[in-house]
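As the structure lists them, so they are numbered: ligands from 1, and atoms in each ligand from 1. For clarity, every value in this text was computed on a predicted model and none was experimentally measured. Excluded from the calculations below are hydrogen atoms, water molecules and symmetry mates; all remaining heavy atoms, backbone and side chain alike, are included.
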Amino acid sequence: MRLNRLTYSTLFLPCVIGRTLSTREINSSSETVEVKWLEGTPALALGTTFGLPWPKGKHLGNQTTFLASTDSGEDVSLQSWVTSYWADGSVKWTGHALGSSESIPDGYEIRAVKGAPQRLKRQSMNVVNADDEIIVDTGKLKASFPKSGNVLVSSLSTSSGKVVGQNGKLVLQSQSGAADTGDSSAKAGIDYYQLESQINMTTIDAGASVRTLITIRGDHRIVSSKPTATHDPWVPFTVRFYLYANSDMIRIVHTLIFDGEADKDFITGIGLRFDVPLEGEELYDRHVRIAGVDGGFLSEAIQGTTGLRRDPGKAVRAAQFEGKKTPDITTWDTRVSGRLQWIPTWNDYTLTQLSPDGFTLKKRTKAGQSWVKIPGGTRAGGLAYLGGATTGGLAIGHRDFWKQYPTGIDISNAATDLGQITIWLYSPAGEPMDLRPFHDGLGQDTYAKQLDALEITYEDYEEGYNTPHGISKTSEIFIRPFDSTPSSDELAALTKVVNEPPVLVPDAAYIKQTEAMGTYWDVPNNTTTTQAAQTIETHLNFLNKFYQGQIEQRRWYGFWDYGDFMHTYDTDRHVWRYDVGGYAWDNSELSPNLFFWNYFLRTGRADVYRFAEAHARHTSEVDVYHLGPYNGFGTRHGVQHWADSAKQIRVSTPLYRQVFYYVTGGDERIGELLHDLMDADKTFLTVDPRRKVRQDNGTYVPDPTAIDLDLGIDFSGLAAVWLIEWERRGPRWQEARSKLNATMHGIASLKNGFATGVALYNIYNGEIKPPATDPENRGHVEVSHLSASFGLPEIVAQITQYMGDDLPAAFDQAWLDYCYYYGAGAAEQRARYGSSFGNLSLKQGHSRLTAYAAKRSGNVTLATRAWNEFLNTDGFAPTAPWASVTLSGSRVLAPVDEAAWISTNDVALYGLAAIENLAQVGSAL
Ligand SMILES: *[C@@H]1O[C@H](CO)[C@@H](O)[C@H](O)[C@H]1NC(C)=O
Ligand SMILES: *[C@@H]1O[C@H](CO)[C@@H](O)[C@H](O)[C@H]1NC(C)=O
Ligand SMILES: *[C@@H]1O[C@H](CO)[C@@H](O)[C@H](O)[C@H]1NC(C)=O
Ligand SMILES: *[C@@H]1O[C@H](CO)[C@@H](O)[C@H](O)[C@H]1NC(C)=O
Ligand SMILES: *[C@@H]1O[C@H](CO)[C@@H](O)[C@H](O)[C@H]1NC(C)=O
Ligand SMILES: *[C@@H]1O[C@H](CO)[C@@H](O)[C@H](O)[C@H]1NC(C)=O
Ligand SMILES: *[C@@H]1O[C@H](CO)[C@@H](O)[C@H](O)[C@H]1NC(C)=O
């Protein structure tokens, strides 16, 4: 199908940074970039957003128009915006939206051409922004979004005007306590609450032509309770609705923050509910469709005409099963049509997925009557449809449904004039969500005891710090209205789209060539020049595949867990150490995020993208606080994602979401998280990351003008916040640039630069002063294996590239020195800094620092040193097994692949160092 010819895009005006390029300096030839579907051409394209990088100095935002055509040369409408700028003001990354099309090309060509973008009016999107609601008409559906009240979507209709969804709102239920299993008497003192969404604000993005984004924020309010009890409004939400031109599907990104107290607030259900009008539809022409396993469907009618003692006629049975209107009832066998009143109608259906391994299904005729079991299955597709052959209906799908267990789907009141579909992001059929600490503290009431306990379970415990207050969760839901009941094949195709939303990506070699996402990785084809490099490629592939497999075999699924993996293996029990203190959930320890994303960038592989995507979603939400005292900090690895008392910016660093943000064309939830961290430095006033190890712990009071800042794990996080805010030209980019500049000059002014380890940081202006132990700046040395392990090399490389000639030379030198001396040995360290760095570990990971220094200096001896550190120090040796073994029998719960030699710390460091060394000093291997 042909879309509107050449819709010109509107772009944000670029900001003037330092010296802005003049028009003449921009080389004006137009540039064409191909994008292709990540997983091959999809069966449905109901609207897509994607990102594209551009080389420095090539395109000015307000003087460039982006045009799209299919790979067969047909022009299509494109909406474009800028997601980041180079320092000179030229465009670095753009986001683009394409509407829906019936014929789906294998790819598109995006052309950047010189010429001011013109503001054209919306083509197929018609948007009315009234005082009390926003109405969006995509050409294929129409939806109304109120600006107040408890309903997020008041009406959803098809292009022919059939209203198939109404009253769409969030529902939540909770209780004030949790009875121990089997102890019903304990339920006496528990209050039960039913809550609904309450809108605080509904907004619409500017400049929409192909895509309209409606964002609704609010919280949940009580509608009833038992016994009558009160509860403050809680669980703030942000729900984003993405609508595309010519598309009849809405993508919903649902975010909530847990702001309750773990021992008083037990959530028992989180859902999205729509009413589906069914009035006027015969009960035998109303249909329920529920996705089962691998494209399977339950296809039923509210009043069945199949399997009866008397046959209404083949045409009637066939039509009902296929979801078509049955022949006029006067044509039916009267032995059936005369007895419809005796055929039960099925009012309610419930699908419950309480584990990743199985779901149950049941239905009933009405409340008060027994449920009838329907055979269930293993992993439900997470989509349901309710509607009629003539009234039309509504399909709702929840992405990664079974992976996010406990989940559920309810269809209710289908035999009345107004049915409902509820998608349960957290199923009320399971146990209450229990976010309490997993142990009682074991008497660890002093720092000394806590540090001693760290020696045995590796958990860094402290009472009060093990709170879920402020963690969040983001889910994706898709809704699609239909004029009539679709075929189950069509719904199966939709279920696939819901679980694997089609993604468009440019070629790896193109991304590399633009240098817009770091210069520390290269495509395998450029680096795999020797047998040794080929071996490293096989190892990288092995590690990726092994973790993908472990997610499945170890069942790393669940509402709060899906997307993460574990930290360390227990070789005796043949399990990951899911129950041992600091060894359980990984929480981004040592930057596995960067390894997996860089591996995606260089290979363009779909399996890697999907793995990294789930990881980015999880780590950005659950492992980080979004309100409360730890807002902006993340939690160190542990048995519960929020339990460890080490709250640090090293875990929340936005660097771990940067690639995902740009390749998605600026995912708005991720974008908001990146920006929100601009205030993370204030959290140092509440949380002192070094409180347990400082000498002056009895007297230390954080001073906002002199916060103890780790120049590795803290600075790398803050620097990433600032660079990303700056390149995005976010609302506070000037402050970000100024603080970045100040800290860089400050670090450079320390006698020992990065080797100083810790310095004093002024949260108002970013000024850095020498550490309290060395106020005269005589030269303090404090180097830790962790300093550079949370993205420091990557963010410094990005800043260096970004600032170019404006980079403070002394800062550059301080970093190059650190890179050189970490692995240089005690004698050289003493000669340079006056003392050695001590006994350091993580040398394999640090080989990428050596490689960086070697590349910058062109020093071949140093390049050889980098490879020696990579191959012959710690971490994974070339002689490691590089394979897993399959275990089965009574030693293990279920058959698993085991690689007992693997730890996730080593995976992260090996992966990062391999990729960066190949890119930076590959020829020396
Ligand atoms: C633009 O073209 C000029 C002359 O052809 C060249 O010297 C310059 O490097 C080009 N600039 C960029 C950013 O490509
Ligand atoms: C484009 O942006 C630059 C920098 O902000 C500004 O100086 C110039 O006037 C803009 N040009 C147009 C045509 O808007
Ligand atoms: C509603 O939004 C406003 C503006 O962002 C904010 O200041 C206020 O705190 C919000 N209120 C609630 C109850 O969320
Ligand atoms: C403070 O540090 C000292 C020395 O490291 C230690 O003996 C003391 O127990 C610490 N204070 C607390 C409250 O744990
Ligand atoms: C590497 O080269 C092969 C063969 O020329 C090609 O098929 C593949 O797409 C290339 N991969 C990348 C990442 O460029
Ligand atoms: C960067 O910081 C240095 C040292 O504080 C200062 O002299 C300089 O003006 C700053 N530059 C910018 C662009 O803010
Ligand atoms: C240095 O650290 C490694 C690893 O932690 C350890 O095996 C080794 O014994 C240490 N060496 C010295 C001299 O402390």
Side-chain angles (χ1 to χ4, degrees), residues 15-20 85-89 132 134 145-150 152 169-170 172 195-205 214-223 230-240 254-260 469-470 472 626-628 631 668-669 672-673 675-676 678-679 705-706 709 715 718-719 722-723 725-727 729 731-750 753 759-770 777 796 799-800 802-815:
C15 309
V16 190
I17 310 304
R19 199 180 65 97
T20 301
Y85 296 92
W86 293 98
D88 64 13
D132 55 346
I134 298 170
F145 303 92
K147 291 185 172 174
S148 62
N150 61 350
L152 310 190
K169 62 179 138 185
L170 305 179
L172 191 137
L195 302 99
E196 283 179 2
S197 41
Q198 178 74 32
I199 295 173
N200 180 22
M201 209 167 27
T202 300
T203 54
I204 181 168
D205 63 331
I214 308 283
T215 305
I216 305 185
R217 296 174 197 272
D219 53 28
H220 294 80
R221 309 278 168 112
I222 290 191
V223 288
T230 58
H231 194 298
D232 285 341
W234 70 305
V235 189
F237 67 82
T238 302
V239 180
R240 294 181 165 84
H254 170 284
T255 300
L256 61 78
I257 307 182
F258 180 85
D259 62 342
H469 181 90
S472 64
H626 308 280
L627 50 76
N631 191 2
E668 280 71 18
R669 171 58 184 163
E672 162 179 77
L673 294 173
H675 172 74
D676 285 352
M678 277 297 288
D679 282 321
T705 67
L709 192 82
F715 172 72
L718 292 178
W722 296 325
L723 179 69
E725 180 77 2
W726 177 9
E727 67 181 6
R729 302 300 187 268
R732 291 166 67 184
W733 70 267
Q734 283 148 313
E735 174 193 344
R737 183 185 58 168
S738 163
K739 280 185 165 175
L740 182 60
N741 176 57
T743 48
M744 287 194 299
H745 280 280
I747 292 170
S749 73
L750 298 173
L760 300 177
Y761 164 75
N762 182 326
I763 68 167
Y764 302 119
N765 57 21
E767 269 172 27
I768 294 278
K769 286 185 292 203
N777 197 19
V796 173
I799 292 167
T800 301
Y802 196 75
M803 295 188 71
D805 292 344
D806 292 335
L807 183 79
F811 175 84
D812 190 35
Q813 194 53 54
W815 176 242

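- Considering only non-hydrogen atoms, atom 12 (C) of ligand 3 lies nearest to Asn200 out of Asp219, Asn200, Thr203.
- Within the 3.5 Å criterion, the main-chain N or O of Gln734 finds no donor-acceptor partner in the side chain of Ser738.
- Within the 4.0 Å cut-off (strictly below), no protein heavy atom is located near atom 7 (O) of ligand 3.
- The protein heavy atom nearest to atom 2 (O) of ligand 6 is Asn741 ND2, 2.3 Å.
- Those atoms of ligand 3 with a heavy atom of Met201 less than 4.0 angstrom away are 5 (O).
- When atom types are taken as modelled, the side chain of Asn777 and the backbone of Ser749 share a donor-acceptor pair closer than 3.5 angstrom.
- Ring centroid separation for the pair Phe237 and His220 comes in under the 6.0 Å cut-off.
- Using a 4.5 Å heavy-atom threshold, the side chains of Thr255 and Glu668 count as separate.
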